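Here the structure is laid out as C-alpha cells; the discussion comes afterwards.
Keep in mind the model is a prediction, meaning the values are calculated, not measured. This chain uses plain numbering: 1 for the first residue, then up along the sequence.
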Amino acid sequence: MKKLVLSLCGALFLLSGCSNGGVDEDALTAVDKNQNIRQVCIKGSTRGAPDDFMDSLIASLKKKNIIGERVKDNRTVCNHILSFSAKGNRNIIARARLRVLSGINNQPLGSVSYKLKGEEKDRVAQVGLQGQTDLMVNQLFKNY
C-alpha cells in the first residue's frame, strides 16, 4: 500500500512539472485572413532578445508569404505593424509577445504570447531559435 501511495505521489509530481510551454492558446488571437497582410513593419526592442531574433522572425514571415521590414523610427509609414517584445539568452527565446497592429489607427489585429517551459524546452533543443519563431508566426497567422 505504501508503494502505491508513493507511486501515485510521484506520478502527480511529474505531471505537475511537465506543463506545456510554447504558445499560450488562451492569449492567442490569430490574424483574420480577410486582413490580407502581405507586408509588415517590424518594431520592437531587441535588448534582451536572442542575437538573431529579427532575422529568424523575417524568415518565419517569409514562409507565410509575408514580407517583414525592420523599422527603427516612427517616421516610416506602414499599413501593418508587427510589434514585439522578447527576452532570452543569445540563442533562444524564454518569453515573447508578438502583436500585429493596423498602421492607420494602431488597432490590434492579432497577438500571440510564448513561454519556454516544460516539454517546449525539449523541442527547442532540437529546432532552436528558428523553430521558436516559426511556431509563433504560424500561430499568429494560422489562417494564412
Side-chain angles (χ1 to χ4, degrees), residues 5-144:
V5 170
L6 288 174
S7 295
L8 289 173
C9 289
L12 287 173
F13 176 76
L14 286 174
L15 287 174
S16 66
C18 294
S19 60
N20 287 336
V23 171
D24 181 0
E25 293 291 331
D26 294 333
L28 173 65
T29 306
V31 176
D32 188 345
K33 188 170 185 167
N34 293 332
Q35 294 295 329
N36 198 27
I37 297 174
R38 293 290 156 226
Q39 183 172 2
V40 293
C41 294
I42 304 172
K43 295 182 180 182
S45 172
T46 56
R47 184 176 177 202
D51 293 342
D52 297 327
F53 179 67
M54 289 288 279
D55 293 332
S56 294
L57 194 55
I58 290 169
S60 296
L61 288 165
K62 188 175 182 178
K63 292 176 186 176
K64 287 290 193 176
N65 296 316
I66 299 170
I67 298 168
E69 179 184 346
R70 300 171 200 231
V71 176
K72 292 186 180 183
D73 58 37
N74 291 328
R75 292 176 278 176
T76 305
V77 178
C78 305
N79 288 331
H80 300 99
I81 300 166
L82 177 64
S83 171
F84 72 86
S85 62
K87 300 283 185 204
N89 63 29
R90 298 184 73 185
N91 301 312
I92 60 170
I93 298 167
R95 291 176 167 247
R97 180 175 173 150
L98 306 178
R99 295 183 337 153
V100 178
L101 306 167
S102 167
I104 299 167
N105 58 10
N106 276 347
Q107 179 181 356
L109 303 176
S111 66
V112 65
S113 293
Y114 174 90
K115 287 183 185 176
L116 179 66
K117 66 178 187 178
E119 293 171 2
E120 179 68 3
K121 288 182 180 180
D122 296 333
R123 189 186 77 83
V124 170
Q126 296 174 358
V127 299
L129 177 61
Q130 190 61 58
Q132 289 181 294
T133 57
D134 284 349
L135 175 67
M136 288 183 276
V137 169
N138 286 340
Q139 288 297 307
L140 186 58
F141 292 100
K142 70 180 179 180
N143 298 322
Y144 280 65

- Find out whether Leu57 and Val137 are in side-chain contact, i.e. whether some heavy atom of one side chain is under 4.5 Å from a heavy atom of the other. yes
- Pairwise distance OG1(Thr76) to NZ(Lys43) - rounded to 0.5 angstrom: 7.0 Å
- Task: Give me the one residue out of Val40, Val100, Asn106 that meets side chain to side chain contact (heavy atoms under 4.5 Å, CB included) with Ile81.
- Result: Asn106
- Taking the side chain as every heavy atom from C-beta outward, state whether Ile66 and His80 have any pair of such atoms under 4.5 Å apart. no
- Before giving the answer on side chain to side chain contact (heavy atoms under 4.5 Å, CB included), spell out for Ile42 and Met54 the whole-Å C-alpha distance, their side-chain angles and the decisive distance to 0.1 Å. CA-CA 8 Å; Ile42 304 172; Met54 289 288 279; 3.8 Å; yes
- Once you round to the nearest 0.5 Å, how far does OG1 of Thr46 lie from CG of Asp51? 9.0 Å
- Item | Sub-4.5 Å side-chain heavy-atom contact between Thr133 and Ile93 | yes
- Message: Can you confirm whether more than 12 heavy atoms, excluding those of Lys63, are under 6.0 Å from its NZ atom?
- Response: yes
- Message: With rounding to the nearest 0.5 angstrom, report the CE to OG distance, Met136 to Ser111.
- Response: 13.0 Å
- Please name the pair of heavy atoms, one in Ser83 and one in Leu101, separated by the smallest distance, quoted to 0.1 Å. CB-CD1, 4.3 Å
- Query: Does any non-hydrogen side-chain atom of Gln35 lie less than 4.5 Å from one of Tyr144?
  - Reply: yes
- Task: Find the distance between CG (Leu98) and OG (Ser113) and round it off to the nearest 0.5 Å.
- Result: 8.5 Å
- Does any non-hydrogen side-chain atom of Leu109 lie less than 4.5 Å from one of Asp32? no
- Query: Is the backbone N or O of Val31 less than 3.5 Å from a side-chain atom of Asn143, with the two atoms forming a donor-acceptor pair by type?
  - Reply: yes
- Identify the residue among Gln139, Arg95, Gln132 that makes a side-chain hydrogen bond (donor to acceptor under 3.5 Å, both in side chains) with Tyr114. Gln132
- Query: So do the side chains of Val127 and Asp134 get within less than 4.5 Å of each other, counting heavy atoms only?
  - Reply: no
- CD1/Ile58 to CG/Asp52 distance, rounded to the nearest 0.5 angstrom? 11.0 Å
- Checking side chain to side chain contact (heavy atoms under 4.5 Å, CB included) for the pair Ile67/Leu61: CA distance, chi angles, key distance, verdict? CA-CA 6 Å; Ile67 298 168; Leu61 288 165; over 6 Å; no
- Shortest non-hydrogen contact from Ser45 to Phe84? O-CE1, 3.4 Å
- Task: Would you check if the side chain of Glu69 reaches a backbone N or O of Cys41 as a donor-acceptor pair within less than 3.5 Å?
- Result: no
- Measure the CG-CG distance between Asp55 and Leu129 for me, rounded to the nearest 0.5 Å. 9.5 Å
- Message: I'd like to know whether Arg38 forms a side chain to side chain contact (heavy atoms under 4.5 Å, CB included) with Asn65, so could you lay out the CA-CA distance, the side-chain angles of the two residues, the decisive distance to 0.1 Å, and finally the verdict.
- Response: CA-CA 7 Å; Arg38 293 290 156 226; Asn65 296 316; 4.1 Å; yes
- Counting only heavy atoms not in Lys64, do more than 12 sit closer than 6.0 Å to its NZ atom? yes
